[in-house]
Q: 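Starting off with a structure, shown below.
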Protein chains: 2
Amino acid sequence: MPSLSSLKQLQYLLSVSEHLNFTRAAESCFVTQSTLSAGLKELEDTLSTRLVERDRQTVLMTPVGLEVAQRARSILSAAKDLVAFTAEAQAPMSGILRLGVIPTIAPFLLPPTVKALRKAYPQLRLALREDLTANLLSRLEGGQLDMALIALPYECSHLIVKPLFDDALWLVGRKGDTQLKARTVNVTQAMSEQMLLLEEGHCLREHALYACHASTRASHNDLEATSLLTLIQMIESGFGIGLVPEMALRSGLIKGSTLITRPLTKPSPTRTIALVARRSTPRQADLESLAQVILHIQTKTPAL
Amino acid sequence: MPSLSSLKQLQYLLSVSEHLNFTRAAESCFVTQSTLSAGLKELEDTLSTRLVERDRQTVLMTPVGLEVAQRARSILSAAKDLVAFTAEAQAPMSGILRLGVIPTIAPFLLPPTVKALRKAYPQLRLALREDLTANLLSRLEGGQLDMALIALPYECSHLIVKPLFDDALWLVGRKGDTQLKARTVNVTQAMSEQMLLLEEGHCLREHALYACHASTRASHNDLEATSLLTLIQMIESGFGIGLVPEMALRSGLIKGSTLITRPLTKPSPTRTIALVARRSTPRQADLESLAQVILHIQTKTPAL
DNA sequence: TCTTCATGATCGAAAAAATCGATTATAAAC
DNA sequence: GTTTATAATCGATTTTTTCGATCATGAAGA
């Protein structure tokens with residue numbers, strides 16, 4: 001079975017069916033009459049069917065030719081649509097952007113980010129996923145995500161990493177806790193032992209442990225929080241103290257509670273918020289744009 | 001706005017989206033990997049959009065690439081259908097055949113012809129038009145008809161003419177008409193004057209006039225028939241006599257009436273039934289096939 | 001009847017493109 | 001450290017496309 005080689009030939013046929021005149025049809029295709037003649041002939045040869053009845057006086061479409069022209073019209077229009085589709089999709093910050101965000105960032109950074117994006121780039125549609133860093137990165141590699149918003153340090157040398165800003169860890173405890181008397185505090189061994197952590201998998205757990213100068217810790221399952229919100233609840237209930245990102249505090253995580261916060265003495269432990277993408281991503285420009293939006297939000301958020 | 005140049009490139013994209021591997025995709029397209037690489041690159045350049053994310057380890061479709069692949073699939077399938085359509089249509093005696101037939105042939109020849117065609121060529125769909133010769137020929141020239149079944153003599157030098165068989169004219173009159181005593185008769189001057197004719201435009205009118213040795217005749221409008229059937233009715237009503245094609249008699253035109261028929265003395269006036277088509281018709285083979293079918297029917301129809 | 005005009009087919013040359021084979025580069029696997 | 005798998009790249013070759021010129025032919029006009 002032969003197959004169509006060229007869309008141009010279909011265009012020729014279409015043009016002939018409109019003009020019923022080879023010379024004018026050729027003109028409208030910006031080729032010479034001989035080119036069009038040859039092209040149409042080749043199409044007819046490919047299909048081994050006469051599509052156009054012609055002699056030196058008259059040009060007539062055969063019934064098959066008319067039907068083929070109709071089909072050609074629809075094929076060419078689909079091809080045009082395809083081009084138009086990519087033209088629209090290629091616009092920066094438009095189309096669907098699949099963005100992953102870790103749970104210790106999402107509730108605090110996402111609401112203002114989404115709002116700002118909607119305003120700045122109405123063509124952009126965000127498909128969001130909140131998940132642990134490891135899952136996000138594996139989805140990133142698998143092509144199910146375009147970018148991810150995560151916290152460093154984290155091993156991601158195989159990715160494009162765009163660090164955005166540092167997010168300090170603050171100590172959170174109950175009012176009256178004698179350990180939190182000073183304006184800035186150090187994490188002592190004693191405090192480390194009272195430290196409540198998020199459950200395994202959250203990068204913030206590792207960052208907190210690092211701040212406690214402890215690389216690992218046996219997990220007391222019943223004393224681990226599943227989210228920053230539950231962590232706060234546990235602190236308030238007197239289970240211990242916690243290390244919470246400044247970002248969360250800024251966005252009002254402990255508002256309405258009786259807890260107090262203390263920055264840690266310099267060099268204070270921090271995590272670094274970063275935007276990552278596959279090295280081969282076609283959206284490098286969008287990565288920059290998104291980074292700018294998030295940074296702008298960060299600078300506008302009032303400090304503690 | 002750029003436009004797609006090649007369907008092959010769409011095929012490449014599709015193949016890559018299936019294999020997620022350039023080398024194997026290339027194999028399945030029967031080209032080398034370098035060819036496929038170049039083709040895909042050109043497609044991406046044409047669309048100025050990354051469709052496939054790739055490095056030396058992994059191949060991933062971009063979201064746009066996936067959508068484009070989907071569209072490519074539908075375009076390629078439409079192209080395939082187009083080819084398949086012509087392949088089917090090009091089969092001899094298939095598709096739509098637009099056939100014109102004059103009113104003095106249609107009622108007699110068409111029923112058995114259609115029946116035979118349906119049996120012999122079930123793929124063939126007849127689009128029939130019953131009309132005067134002049135109208136049929138002009139539609140033929142205009143490409144609205146593929147063939148016509150007419151009666152000669154008629155000026156049609158610009159057409160392919162396939163004479164089928166001669167159709168003698170018989171005299172029809174009332175039983176007891178003394179002019180019709182002999183087994184074969186001559187058209188006398190007196191008979192000519194009683195001759196009932198079809199209205200202007202029917203070629204049979206001219207053929208009858210020729211048999212009467214009269215080239216023209218003033219039309220007595222109220223004494224002209226609009227069809228052979230009405231002509232017969234008028235004869236029966238005693239308005240005169242008529243010249244009727246043998247074909248009509250064979251198919252039972254005067255069955256049930258009291259009329260009698262007489263052949264004319266040799267050389268008896270005849271019309272010649274012929275199949276005509278544009279010189280440039282792509283259905284010359286079908287013309288022959290149709291001619292054979294009609295001839296076969298004619299030989300099987302019992303003589304008078 | 002002869003000439004001119006309009007038109008599609010055809011041919012050879014030139015230009016453009018597609019394709020291939022070989023090579024390179026690179027990261028992963030062993 | 002070597003091998004393997006893979007896509008990009010390059011130059012040469014082949015194939016295709018395009019053009020311009022010419023031919024052939026029927027119609028229209030003189």
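Proteins come first, then strands; the chains are lettered A, B, ... in the order of their sequence lines, and each starts at number 1.
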Q: Does A:Gln33 make a side-chain donor-acceptor contact with the base of C:dA9, cut-off 3.5 Å?
A: yes

Q: By the 4.0 Å heavy-atom rule, please label B:Arg24 as base, sugar-phosphate, or nothing.
A: sugar-phosphate

Q: To the nearest angstrom, how far is A:Asp55 atom CG from D:dA24 atom C1'?
A: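 A:Asp55 atom CG is separated from D:dA24 atom C1' by 12 Å.
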
Q: If you measure only the distance, is there a donor-acceptor pair under 3.5 Å linking the side chains of B:Glu27 and B:His19?
A: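 No - no donor-acceptor pair under 3.5 Å links their side chains.
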
Q: Among D:dC19, C:dC20, D:dA8, which nucleotide sits nearest the side chain of B:Ser37?
A: D:dA8

Q: Ignoring hydrogens and angles, tell me if any N or O in the side chain of B:Arg50 forms a donor-acceptor pair with the backbone of A:Arg283 under 3.5 Å.
A: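 Not a single qualifying donor-acceptor pair exists.
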
Q: How close or far is atom C1' of C:dG8 from atom CG of A:Leu40, stated in whole angstroms?
A: 11 Å

Q: Just how far, in rounded Å, is C1' of D:dA7 from CG of B:Leu20?
A: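 Value for this atom pair: 14 Å.
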
Q: Students often get this wrong, so: under 4.0 angstrom with heavy atoms, is B:Glu42 touching a base, only sugar-phosphate, or nothing?
A: sugar-phosphate

Q: For the pair made of CZ in B:Arg50 and P in D:dA7, what is the distance, rounded to whole Å?
A: 14 Å

Q: Regarding A:Thr104 and A:Arg271, is there a side-chain donor-to-acceptor distance under 3.5 Å anywhere?
A: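 Note: A:Thr104 and A:Arg271 side chains meet the donor-acceptor criterion.
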
Q: Can you tell me which nucleotide in D:dA7, D:dG20, C:dG8 comes closest to the side chain of B:Val59?
A: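 Of the candidates, D:dA7 comes closest.
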
Q: Any N or O donor-acceptor pair under 3.5 Å from the base of C:dA25 to the side chain of B:Arg56?
A: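 Checked by distance alone, the answer is yes.
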
Q: Quick one: is C:dT7 close enough that its OP1 or OP2 comes under 4.0 Å of any side-chain N or O from A:Arg54?
A: no

Q: Using the closest heavy atom to pick a nucleotide of DNA chain C for each, name whichever of B:Ala38 or A:His158 lands nearer the 5' end.
A: B:Ala38

Q: Provide the closest heavy-atom pair for A:Leu82 versus B:Ala72 in the form atom of the first, atom of the second, distance.
A: CD1-N, 4.1 Å

Q: Quick one: is B:Tyr12 getting a side-chain N or O under 4.0 Å of the C:dT19 phosphate, OP1 or OP2?
A: yes

Q: Is the phosphate of C:dG8, meaning OP1 or OP2, less than 4.0 Å from a side-chain N or O of A:Thr23?
A: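 Yes, such a contact exists.
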
Q: Less than 3.5 Å between a donor and an acceptor, one on the side chain of B:Ser34 and one on the base of C:dG21, is that the case here?
A: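 It does, because a donor-acceptor pair links the side chain of B:Ser34 to the base of C:dG21 below 3.5 Å.
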
Q: Report the distance from atom CD of A:Gln57 to atom P of C:dT7, rounded to the nearest whole Å.
A: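 Distance check: A:Gln57 CD to C:dT7 P gives 10 Å.
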
Q: Considering every strand and a 4.0 Å limit on heavy-atom distances, what is the contact class for B:Thr35: base, sugar-phosphate, or nothing?
A: base

Q: Give the rounded distance in Å between these two atoms: CZ of B:Arg279 and C1' of D:dG26.
A: 12 Å

Q: When you check the phosphate oxygens OP1 and OP2 of D:dT18, does a side-chain N or O of A:Lys8 lie under 4.0 Å from one of them?
A: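 For D:dT18, OP1 or OP2 has a side-chain N or O of A:Lys8 closer than 4.0 Å.
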
Q: CG of B:Leu36 versus C1' of C:dC20: gap in Å, rounded?
A: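 Between C1' of C:dC20 and CG of B:Leu36: 13 Å.
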
Q: Distance under 6.0 Å and angle within 45° of the ring axis: does A:Arg54 meet both against A:Phe22?
A: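 No, cation not above the ring by the 6.0 Å, 45° rule.
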
Q: C:dC11 C1' sits how many Å from A:Lys41 NZ, rounded?
A: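 Roughly 13 Å, once rounded to whole Å.
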
Q: Pairing donors with acceptors under 3.5 angstrom, does anything connect the side chains of A:Thr270 and A:Asp167?
A: no

